[in-house]
Each structure stands twice: as structure tokens, then as C-alpha cells.
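Data first, discussion second: the structure below is written as C-alpha cells.
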There are 4 protein chains.
Amino acid sequence: MTLPAPLTGVVPPVCTPLTADREVDVPSLCRLVDHLVAGGVDSLFVLGSTSEVAHLTDRQRRLVTETVVSHVAGRLPVLAGAIDMTTPRVLEHVEAVTAAGADAVVVTAPFYTRTHPAEIARHYRLIAARSPVPVVAYDIPVAVHTKLPAQLVLELADEGVLAGLKDSSGDLAGFREIVTGARSLPGFSTLTGSELTVDAALALGADGAVPGLANVDPDAYVRLDRLCRSGDLERARAEQERLCALFGMVTVGDPARMGGASAALGAFKAALHLRGVIACPATAEPQVPLSAEETERVAKYLAGAGLL
Amino acid sequence: MTLPAPLTGVVPPVCTPLTADREVDVPSLCRLVDHLVAGGVDSLFVLGSTSEVAHLTDRQRRLVTETVVSHVAGRLPVLAGAIDMTTPRVLEHVEAVTAAGADAVVVTAPFYTRTHPAEIARHYRLIAARSPVPVVAYDIPVAVHTKLPAQLVLELADEGVLAGLKDSSGDLAGFREIVTGARSLPGFSTLTGSELTVDAALALGADGAVPGLANVDPDAYVRLDRLCRSGDLERARAEQERLCALFGMVTVGDPARMGGASAALGAFKAALHLRGVIACPATAEPQVPLSAEETERVAKYLAGAGLL
Amino acid sequence: MTLPAPLTGVVPPVCTPLTADREVDVPSLCRLVDHLVAGGVDSLFVLGSTSEVAHLTDRQRRLVTETVVSHVAGRLPVLAGAIDMTTPRVLEHVEAVTAAGADAVVVTAPFYTRTHPAEIARHYRLIAARSPVPVVAYDIPVAVHTKLPAQLVLELADEGVLAGLKDSSGDLAGFREIVTGARSLPGFSTLTGSELTVDAALALGADGAVPGLANVDPDAYVRLDRLCRSGDLERARAEQERLCALFGMVTVGDPARMGGASAALGAFKAALHLRGVIACPATAEPQVPLSAEETERVAKYLAGAGLL
Amino acid sequence: MTLPAPLTGVVPPVCTPLTADREVDVPSLCRLVDHLVAGGVDSLFVLGSTSEVAHLTDRQRRLVTETVVSHVAGRLPVLAGAIDMTTPRVLEHVEAVTAAGADAVVVTAPFYTRTHPAEIARHYRLIAARSPVPVVAYDIPVAVHTKLPAQLVLELADEGVLAGLKDSSGDLAGFREIVTGARSLPGFSTLTGSELTVDAALALGADGAVPGLANVDPDAYVRLDRLCRSGDLERARAEQERLCALFGMVTVGDPARMGGASAALGAFKAALHLRGVIACPATAEPQVPLSAEETERVAKYLAGAGLL
């Protein structure tokens with residue numbers, strides 16, 4: 001299907017349920033999609049950071065995309081990450097995910113290699129020239145260790161190279177520069193990747209949000225989006241604060257024993273498992289699993305939010 | 001062939017010659033291997049950072065490994081990088097390069113994902129358990145944004161998980177801790193990835209060096225290695241300083257126009273082209289090529305070193 | 001005077017006008033204070049980063065504080081930075097600025113030395129125990145290379161060690177955690193240091209703002225604050241966007257010739273000079289001055305905002 | 001006295017003994033100076049990072065410099081740190097330490113403020129123009145978060161602005177560029193700040209070393225220096241490795257409870273206390289003290305090195 005321009009509303013970065021031996025759990029993935037669709041989300045984003053894309057093999061990535069595209073069956077647009085180190089490798093993923101039916105590709109700046117704004121521009125131009133679907137830039141410095149300069153994003157948007165931006169930089173002022181600058185570029189999508197400042201991003205004019213926590217509570221992010229759009233800011237803030245409290249689950253993993261990604265993805269998957277959406281809370285290797293006691297604390301977060 | 005334990009001497013990270021349309025230039029790659037073998041190097045390392053591994057597709061990586069393994073035909077050991085974000089993806093590369101005949105795999109800490117020492121340990125243990133050949137750790141914080149802790153490397157070495165370390169961290173004190181600690185682990189290989197402090201690394205007990213500049217002047221690095229081993233430190237220092245001067249070529253690329261990787265790999269390939277080893281100096285996308293004037297300056301560095 | 005608890009509204013970090021030979025220009029400083037008071041600001045903050053505190057000698061710091069306190073004469077509260085590397089040095093500044101009449105001190109985490117959360121807590125506890133006036137934490141990772149953890153700030157607030165926070169981290173999600181957590185701590189002041197997201201910070205519950213650009217256009221920040229408080233969010237956003245555009249002046253300095261601080265402070269002072277508030281636009285050494293042509297571009301920003 | 005040009009040999013950065021209530025312990029400081037002089041060191045460096053300069057008030061800094069200068073009484077040159085954020089503040093320290101008799105000043109790049117190479121150059125030029133004694137650059141990125149570019153150091157050396165460099169960057173390749181480049185600048189001093197690679201630094205041509213651990217075992221660093229100079233590299237390496245093992249004491253502090261500076265300085269002072277040189281092992285606020293058990297482990301390191 002044609003990607004809406006701009007893309008608006010809630011676009012969850014879909015978790016990738018795994019079996020205990022770390023294979024894609026297709027039935028759980030379909031249930032998760034149903035859970036999100038039932039929650040009223042506007043589009044789906046597969047193969048993002050929250051999907052553990054960095055851990056999925058090419059075969060698994062293909063399986064995820066095909067599964068979601070086929071299960072969604074055109075009800076919602078499906079964006080897919082084409083996440084790899086540099087242009088030639090990204091282009092292979094673009095080919096794979098579009099063959100599998102993705103409606104847009106989401107692409108970061110080059111990583112592993114040291115990079116430069118001129119090289120980032122070249123990267124996106126080459127990819128857009130070869131992609132059969134729109135290209136959304138993914139600004140995620142915590143992963144790629146480069147921040148996309150706002151002026152570069154606007155320049156590439158103006159050229160038609162970029163169809164949108166998913167901003168996971170945490171830099172709301174920089175995002176605002178793009179949101180404001182993109183007003184003259186109708187159709188360009190500005191999406192925040194934050195779980196915690198969706199109300200603020202929408203208030204300054206963002207088109208939508210890509211919050212990982214929407215896997216756990218899609219209904220709430222949809223409510224938040226609708227409250228913001230209707231101008232009911234008091235209730236929007238209350239909903240956002242409820243979600244901020246729920247997001248506290250990402251801190252249950254012991255930092256002496258695991259990194260932040262193990263803790264956050266472990267918590268999301270534990271929550272989905274506890275809510276009965278997915279069959280197994282396993283995260284991909286080499287992530288460290290939550291302990292039973294840590295999982296118990298995730299349950300308390302869910303209970304506190306009325307989700308259990 | 002069985003990897004020497006420890007691996008010693010000069011182990012160039014082999015550049016990947018490309019055609020003008022960015023395909024692997026197999027005849028040039030074979031000529032480059034001949035050039036290195038003729039220079040007297042001790043082993044070859046394909047698919048490292050200097051090989052532009054971050055830019056090569058899986059098909060190209062396979063072609064490079066098969067080409068070099070087959071062309072070397074057992075004269076020297078061939079190590080191959082299995083460079084990807086996390087364990088499952090790295091394991092696919094391990095399978096591919098060992099199927100193509102690599103004698104060892106070289107593996108970094110996870111990247112893109114935020115990581116933790118416990119996850120790095122888990123990563124190497126899982127890979128070693130599945131690899132048919134020895135695993136060499138590749139410490140390259142500039143690429144993966146994590147430094148391998150010295151005590152963790154020694155612990156994994158002691159367990160038999162790691163067969164060696166290629167240190168590209170620039171932290172000689174940390175490397176020394178590993179070199180000294182590994183004295184009780186005969187067979188563990190300690191290799192510096194520096195072009196500029198090979199004499200210092202060998203003096204403190206390192207087994208060998210993996211200098212990208214050895215593509216351009218393998219004979220000199222072999223001389224340097226032999227001078228160090230024979231204890232002729234005055235002449236070793238002079239040879240090292242000559243190579244430091246030659247390394248200045250990595251600064252010819254204009255930093256306003258390109259990043260450090262474009263500049264360094266562009267210079268190495270320009271030098272190999274100027275010396276008649278490879279047919280085309282192209283670097284992979286999205287790297288920015290050197291200008292004619294910048295290439296001229298590479299030629300001056302070569303002339304200054306008596307290589308043109 | 002007693003510091004309001006919480007401190008609300010617009011608290012400009014007062015620029016320090018200098019003469020051509022880099023002495024504090026007392027008459028210009030008094031005029032700047034009058035300009036800010038006339039603009040309707042709620043409090044004044046001297047000796048912050050925007051005041052070039054890092055460049056002022058102890059004598060100059062004393063002169064600035066005495067001048068402002070005496071010129072304000074109790075009309076508004078005056079906060080003063082006590083900015084130095086560690087506890088003993090900060091305590092000397094606390095003594096000096098409170099002797100000069102400051103109503104509160106603003107203190108960063110330790111810097112230069114490598115630090116740790118336990119040491120940061122110890123630092124603030126020792127300072128609060130010795131300070132005759134309330135202590136406001138100053139979270140400015142770009143300067144001190146440490147981020148104050150939200151939970152630590154809340155813990156110190158709860159203990160009565162901290163009376164408030166000025167957040168210049170750019171991390172709105174982290175700031176929100178403190179703002180929300182501080183609801184149960186009446187009197188604790190939450191102030192954003194951003195020029196660009198004041199509307200967002202106030203919307204999520206912050207008490208006030210400390211925007212450097214308020215030196216140039218205090219009336220606009222006061223209008224913005226009042227619009228936010230009255231719930232007129234459309235007009236607030238428009239005012240904020242006007243100020244974001246004006247803030248573009250910090251980019252006129254050529255990054256090939258100077259750093260970001262030279263450019264930003266140079267632009268603020270050029271604007272104050274062009275507006276007739278201060279006699280000389282000089283910044284402290286070793287900052288690089290704006291060129292005539294760059295100053296011309298500052299004038300265009302002012303003209304565009306109707307300020308010239 | 002006139003600073004030797006170049007400065008050679010061992011230049012310990014003198015610890016600042018404190019009393020239990022954190023006042024400078026003058027008798028202990030004199031004993032420490034005697035201990036260093038008896039060890040055969042070549043010069044003394046007060047008010048460096050190892051001296052806890054970041055924690056000393058201006059009065060304490062003056063007292064330290066006067067005490068050491070007067071106690072040394074011309075037997076050795078005394079260098080003094082003039083460590084502060086920017087030019088005007090550094091100049092005040094230059095005036096103070098030279099009034100107290102320092103033979104050279106040691107100055108870092110600006111910090112706290114964001115900086116730029118052009119501003120760093122301006123900083124050193126202004127300071128050299130006003131300093132009555134030679135200026136030594138102090139490259140310590142871990143503290144100031146800027147690396148001095150090698151070419152800039154050489155340019156300032158060539159201009160006569162800088163008389164030497166203390167390199168605490170850990171980047172031996174960059175240091176080598178300066179050491180090699182400075183061969184044509186007779187009199188320019190190249191000093192490594194490393195405890196762990198003094199042999200390597202001297203082998204590539206450095207003039208001397210400024211190792212914090214020399215407080216604990218000055219004799220060993222003097223032996224190491226003499227062995228390197230006489231070309232007895234086997235014994236030099238053994239001595240260096242013995243010192244590397246002794247340096248392990250900096251890891252006894254629990255990283256869950258304190259930062260790296262607390263741990264390292266705590267260990268050095270505990271060792272000096274255990275060896276009977278200083279009366280009290282206290283470190284300055286807000287550093288966290290070693291526990292009794294951690295101090296016990298320092299004693300084991302000393303015993304292992306035959307120092308107790």
C-alpha cells in the first residue's frame with residue numbers, strides 16, 4: 001500500500017517474539033500484531049531497534065517482514081528497518097524487505113565506520129535512488145554514534161530523498177527544528193521515537209510517535225495521541241505520565257549484570273508474556289535474561305498500570 | 001591449515017580492491033596478495049576494517065575470502081573478520097568464512113546495541129562454542145564504541161574461548177596488561193593493530209602486528225618486525241619512523257569534505273594504484289573519493305618513501 | 001531576600017558585559033539589568049555559563065555579584081553561580097557570592113576530576129551544609145561531562161540538600177522525571193535551561209526557564225511564560241517558534257574559525273550591543289570575536305524579529 | 001632557577017598530603033619532597049592532577065608551591081600547574097605560582113567551556129606572553145575533554161610559545177608525532193604522563209616521565225629511566241612491569257562506591273601513609289576514602305613490590 005504522507009499517529013516498533021531457542025515465534029508475532037491493531041495503532045514498524053533487528057539474521061528478518069505484512073494484509077502500512085553498516089549492505093536489506101512487502105524503509109546513518117555529514121548525505125541519496133518505496137531517516141545516536149544534523153535532514157527532505165524522520169535522539173530542540181522546517185514540505189513525516197515525551201512532540205507539531213512501550217500498552221498511546229490532537233492537554237499529560245511510570249519497568253534489570261538494552265527489551269517481552277500476548281519472553285543473544293525476581297517487578301509495573 | 005599459536009610477525013589487513021562500479025576486483029585482489037606474500041608477511045587478515053568489511057555485502061565477503069584462500073593456497077594462514085552487530089549475525093559470518101576456508105575468525109564486541117561486559121563475554125563464549133576455527137578478539141572502540149576490558153580478555157583467553165587479540169584501541173597500557181598477563185597462556189596471540197607503534201608493541205612483548213599501511217609497504221613492516229626481533233632497536237626505530245612519515249598520507253583527504261575512513265582508505269588504495277598493484281583506487285559507498293590533487297599528494301608521500 | 005519557593009517564571013542568566021580590554025563594564029551591566037527588569041523577568045541569575053563565569057576571575061565574579069545585587073536593590077531575587085571544579089573551591093565561591101548578597105547559589109557536579117554519583121551526592125551535601133542560602137543544582141553535561149541522575153536529584157531534594165534544579169542537559173525525558181517526582185516536594189524549583197523548548201518544559205510542569213537568549217529579548221520570554229501559564233498554547237507556540245528563529249543567531253560564527261561558545265556568546269553580546277544595551281560586544285579570552293560580517297548577520301536576525 | 005631545556009628524567013607530580021580536616025599537611029609535604037629527592041628524581045611538579053589541584057583552594061595552592069619551592073631550595077627545578085578553566089583565571093594562577101617561585105607553569109586546554117583549536121592556540125599564546133617562566137602544555141583529555149592536536153603543539157613549540165608537553169592522553173602514536181617533530185626544536189621537553197609505558201615513551205625519544213606512582217616508588221622510576229638511557233632494555237622492561245603490577249593498587253577502591261580518581265589517589269596516599277612518608281591518607285572532598293579492607297589490599301601491593 002502507499003505510505004500515508006505524512007504518516008501520523010502511533011507507529012509501534014514491533015517486538016520480535018522468539019522461542020526459547022531464539023527462533024522467530026511466528027504465532028506469537030501474529031498475536032502481537034493483532035494486539036497492536038486492536039489497540040488502534042496507525043501503522044507498524046518492524047525491524048527497528050526495539051525489534052532486536054541488530055540480532056536477527058537475514059533469514060529471520062525476511063520471516064518477520066513477510067509474517068507481519070501477510071498477517072496485516074493491508075489493514076495498516078508496514079514500515080521496515082533496513083539496518084546495516086553502510087550503503088551496499090543497507091541496499092540488500094532494502095531489496096529484501098520491499099520484496100517482502102514493506103511500504104517504507106527506515107535507515108540510519110552509517111555506523112561501525114567513522115562517518116561525515118557528506119557521507120551521510122551520499123548514503124541516503126544512493127539508497128533513495130534505489131529504493132522502490134519511501135525512505136525514512138532513523139536518527140539514533142545511541143546506536144550509530146552520529147547525530148543527523150537538522151539542516152541535513154531538511155535538505156534531503158526538500159530534495160525528495162527522505163520521506164520522513166524517526167527521531168530517537170532525545171534532543172527535542174533539534175527535532176523541533178526539523179518539525180518546524182518541514183512545515184513547508186507537506187507529506188514529510190516527523191515521528192518521535194520517545195516513549196516519554198510524546199505529548200511534547202505532538203504539541204510542537206510532530207506527526208506521530210514510534211514508542212517501544214506501545215507494544216505493552218498500545219491503547220494508551222493511541223488515547224494519548226487522540227487526546228493531544230483534540231487539544232485536551234490536561235488529560236493527555238496525565239496519560240503520558242501514567243506511561244512514564246509504566247516505562248519504569250526498563251530499570252528492573254540489574255545494571256551490574258546486564259546492559260540497558262537487555263533490561264529494556266527483557267522488560268517489554270516479559271510484560272507481553274505476562275499479558276498473554278507472546279508465548280516466551282526470550283530475548284536474542286547475547287542479551288542477558290531477566291531473573292524471576294526481576295520479572296516479578298515487571299508484573300508489579302503492569303499491575304500498577306491496571307494491565308494485569 | 002592450523003593457525004600458528006601464537007601467531008607472530010606481520011599480518012596485513014588486506015585491502016579489498018574494487019572496480020569502478022564497486023564490484024570486488026578479483027585479479028587486483030590476487031595481485032595484492034602476491035605483493036604481500038612477496039613482501040614476506042606472515043599471515044593475511046581479510047574482512048577487517050581496512051578491508052572495508054563494513055561496506056561489503058555477504059556475497060562480496062564470501063568472494064573475497066574464497067579468492068584469497070584459494071590464491072594463497074596454504075602458503076600462509078588466512079584470518080577472516082566475522083564482523084556484525086551481535087551473536088546470531090556474527091555466527092552466520094563465521095559459518096560463511098570458515099566454509100570458504102578461513103583459518104581463524106576475528107570478532108568484535110557487539111555494536112549498534114548498547115552492550116555490557118557480561119554480554120560481551122556471553123557473545124564470545126557462544127561464538128567460540130560454535131566456531132570450527134580459533135576466535136581472535138578484535139578490540140576496536142572507534143568502530144564499536146566499547147573497549148574490551150583487559151581482565152575480560154585474559155579471562156576468556158584462560159578459558160580457551162579466545163585464541164588471540166587484535167588491539168586497535170590505541171591504548172598501549174591496556175594492551176600491555178594483556179600481553180603481560182598472557183605470558184602464562186602459551187599460544188595466545190597478541191597483535192597490535194597500530195601502524196605507528198609496532199616497535200613499542202613488540203618491545204613490550206606483543207607477538208605481531210596488523211598494520212593497514214602494510215598493504216602499501218609490506219617489506220618495511222617485515223623489516224621492522226625482523227629488526228625488533230633481532231634487538232636492533234636503533235634501526236627498528238628508524239624504520240618505524242619512516243613508516244610514520246609515510247602514514248601521513250591518511251591526512252591528504254580534506255576533512256571539510258570527507259571523514260577519516262574515506263581519507264585513510266582512499267589514500268591506501270590510491271597508493272596501491274599508483275604502485276601498480278591494483279587496477280582502480282575506488283573505495284566503497286558512501287565513502288567520498290580523493291580528488292586528483294589529493295591523489296597527487298599521496299604520490300608525494302610514496303616518492304618521499306622511495307616507493308614510486 | 002528570601003528565595004521564592006518554588007522559583008517561577010523567567011530567570012535570565014545575565015551576560016557579563018566587558019570593556020574592550022576585558023574588564024567588567026559596570027555601567028553596561030547595570031543597563032542590562034534594567035533592560036531585563038523592564039522586560040518583566042522574575043529573577044536574575046549571575047555567574048552562569050552564559051555569564052562567561054568560566055572566564056571571570058574571582059575579583060570579577062565578586063564585582064559582578066555586588067553590582068547586580070546592589071543595582072537590583074531587592075526588586076528581584078538574585079541567584080549566583082558558584083562554579084568550580086570541586087567542593088573546597090566551590091565553597092569559597094559560595095562564601096564570596098553570599099557575602100556579596102546572592103539569594104541562592106547554583107552549583108554543578110564536580111568537573112576536571114573524574115567523578116561518581118556517590119561523590120556528586122557528597123559534594124552537594126557538603127555544600128548545602130555550609131551554604132547560608134539555598135543550593136540549586138546545575139545539570140550541564142556539555143560543560144562538566146556528567147549527567148546528574150534524576151533519582152539522585154530527587155533524593156537530594158527530598159533530604160533538603162537541593163532547593164531546585166536548572167536543567168541544561170537537553171534531555172527533556174530526564175527532566176520530566178524530576179519535575180514529576182518533585183510534585184511531592186513543594187518548594188523545589190524545576191527550571192529548564194533551554195531557549196528552545198520552554199513551552200514544552202512548562203507544559204510538563206516545570207516552574208520556570210533560564211534562557212540565555214532572554215538577555216536579548218526578555219519581553220518575549222516573559223510573554224511566552226505568561227501565555228503558557230494562561231493555557232493559550234497556540235500563541236505560546238508561535239512565540240516560542242519566533243524565539244527559536246531568533247536563536248539562529250548562534251550559528252553566525254564560522255565553525256572553522258571558532259567554537260560554539262564563542263559563536264553563541266558572541267552573538268548574544270553583539271545583539272545587546274546592536275540594541276544599545278551594552279557598550280562593547282567583547283567576549284572574554286580565549287574566545288574568538290565575531291567578524292564584522294558575522295555581526296551584520298546578527299543584526300539581520302534582530303531585524304527579522306523586530307528588535308532593531 | 002632556570003628550567004633545563006629539555007627537562008629530562010623523572011618529574012613526579014607531587015601528591016598533596018592533607019590533614020584529617022583537609023588542610024595542607026606541611027610537614028608531610030616536606031617529608032614527601034625529601035623522599036622524592038632521596039629517590040633521585042630530576043624535577044618536581046606540584047599542583048598537577050595527582051596533586052589534587054582541582055580540589056585545592058587558591059590559598060592551599062599557594063601554600064603548596066611556597067612550601068615545596070622553599071624546601072627544595074634550588075636543588076631541583078619545580079614546575080607548578082596553573083590549572084583553571086580559561087585564560088584569565090589561568091593567568092591569575094600563573095602569577096601566584098611564579099610569585100611563589102615556580103620555575104615553569106603547566107597549563108591545560110580550556111575546559112568547562114566548549115573549545116576549538118583556534119581558541120586553544122589563542123589561550124597558550126596569551127599565557128606565554130604574560131608568563132615570566134616557560135609554559136608546558138598539559139594534554140589530559142580525561143580531565144578537559146579535548147585532545148591537543150599534535151600539529152598545534154608543534155606549531156606553538158616552533159613559535160616559542162610552548163617549552164614542553166606533558167602527555168597524559170594515553171595516545172602513544174600522537175605523542176610520538178610530537179616527539180619526532182620536536183627533534184628540530186632543541187630544548188622542547190617531551191614528557192609522558194603515563195605510569196605504565198615509560199619505557200616505550202623513552203624508547204621512542206621522549207625526554208622524561210611524570211608518573212603519579214613515582215610518589216610511592218621514586219627509586220624504581222629513576223632506575224627505569226637510567227636503564228632506558230643506558231640501553232639495558234631487558235632490565236628496563238622488567239622494572240617497568242614491576243611498576244605496572246604495583247600500579248594495580250589503583251583498582252582496590254570499589255567502583256560501586258567511588259570513582260577512579262578517589263580510588264587512584266586514595267591508593268597512592270594510603271601507600272605513602274603505610275610507607276611512613278605522610279601522616280594521614282586523607283584525600284580532598286568530595287572524594288570517597290578507601291575502606292580499611294581496601295587499604296589492606298594496598299598494603300599487599302606494597303609488600304608484593306618489596307616496599308613494606
Side-chain angles (χ1 to χ4, degrees), chain C residues 18 22-23 49 52-61 83-93 95 108-127 140 142-146 253-265 284-288, chain D residues 18 22-23 49 52-61 83-93 95 108-127 140 142-146 253-265 284-288:
Chain C
L18 299 177
R22 267 73 174 188
E23 207 24 88
S49 307
E52 298 171 87
V53 68
H55 302 259
L56 300 177
T57 64
D58 288 356
R59 184 182 54 74
Q60 292 176 324
R61 291 184 182 200
I83 307 299
D84 216 314
M85 297 171 241
T86 63
T87 319
R89 293 184 65 82
V90 169
L91 282 170
E92 304 251 303
H93 294 295
E95 198 175 318
T108 70
F111 53 94
Y112 187 89
T113 184
R114 291 170 287 156
T115 196
H116 183 278
E119 293 157 3
I120 295 172
R122 193 175 176 110
H123 179 64
Y124 281 117
R125 285 185 186 122
L126 288 162
I127 289 163
I140 184 161
V142 74
V144 305
H145 301 276
T146 306
D254 179 0
R257 214 165 53 76
M258 70 184 72
S262 289
L265 295 173
E285 296 290 2
Q287 292 173 97
V288 172
Chain D
L18 299 177
R22 269 72 174 190
E23 204 26 85
S49 306
E52 299 171 87
V53 68
H55 302 259
L56 300 176
T57 63
D58 288 357
R59 184 183 53 75
Q60 292 176 323
R61 291 185 182 199
I83 307 299
D84 217 314
M85 298 172 240
T86 62
T87 319
R89 293 185 64 82
V90 169
L91 282 170
E92 304 251 302
H93 295 294
E95 199 176 316
T108 69
F111 53 94
Y112 186 89
T113 183
R114 290 170 289 158
T115 195
H116 183 278
E119 293 158 1
I120 296 172
R122 193 176 175 108
H123 179 66
Y124 281 118
R125 286 185 185 120
L126 288 163
I127 289 162
I140 184 161
V142 74
V144 305
H145 302 276
T146 307
D254 179 1
R257 215 165 52 79
M258 70 184 72
S262 289
L265 295 172
E285 296 291 1
Q287 292 174 96
V288 172

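Below, read A as the first sequence line, B as the second, and so on, with proteins coming before strands; counting in each chain starts at 1. Since the structure is predicted, the reported quantities are computational estimates derived from the model, not experimental observations.
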Among D:Asp84, D:Val53, D:Thr108, the residue with the most heavy-atom pairs under 4.5 Å to chain C is D:Asp84

Taking the side chain as every heavy atom from C-beta outward, state whether D:Thr86 and C:Pro286 have any pair of such atoms under 4.5 Å apart. yes

For D:Tyr112 and C:Phe111, take the angle between the two ring planes, folded into 0 to 90°, and tell me which bin it lands in: parallel under 30, tilted 30 to 60, perpendicular over 60. tilted

Set of ring-ring contact (aromatic ring centres under 6.0 Å, His included) partners for D:His123, sequence neighbours left out: none

Is it the side chain or the backbone of C:Pro88 that comes within 4.5 Å of chain D heavy atoms, both, or neither? both

Which atoms of D:Leu56 approach chain C - backbone, side chain, both or neither, heavy atom under 4.5 Å: backbone

Quick one: are C:Arg89 and D:Arg61 in side-chain contact, heavy atoms under 4.5 Å? yes

Could you tell me which of C:Arg125, C:Glu92, C:Arg257, C:Met258 has the largest number of non-hydrogen atom pairs under 4.5 Å with chain D? C:Met258

Side chain, backbone, both or neither of D:Arg22 within contact of chain C (heavy atoms, under 4.5 Å): side chain

side-chain contact (heavy atoms from CB on, under 4.5 Å) partners for D:Ala261, two or more places apart: C:Thr113, C:Arg114, D:Gln287

Greatest number of heavy atom pairs closer than 4.5 Å to chain C - which of D:Ala118, D:Ser262, D:Pro110: D:Ser262

Please flag which part of D:Ala256 lies under 4.5 Å from any non-hydrogen atom of chain C: side chain, backbone, both or neither. backbone

Below 4.5 Å, heavy atoms only, C-beta onward: do D:Glu119 and C:Val288 meet side chain to side chain? yes

So which atom in C:Leu126 and which in D:Glu285 form the shortest heavy-atom distance, rounded to 0.1 Å? CD1-OE1, 3.3 Å

Which bit of D:Pro255 comes within less than 4.5 Å of chain C, counting heavy atoms only: side chain, backbone, both or neither? backbone

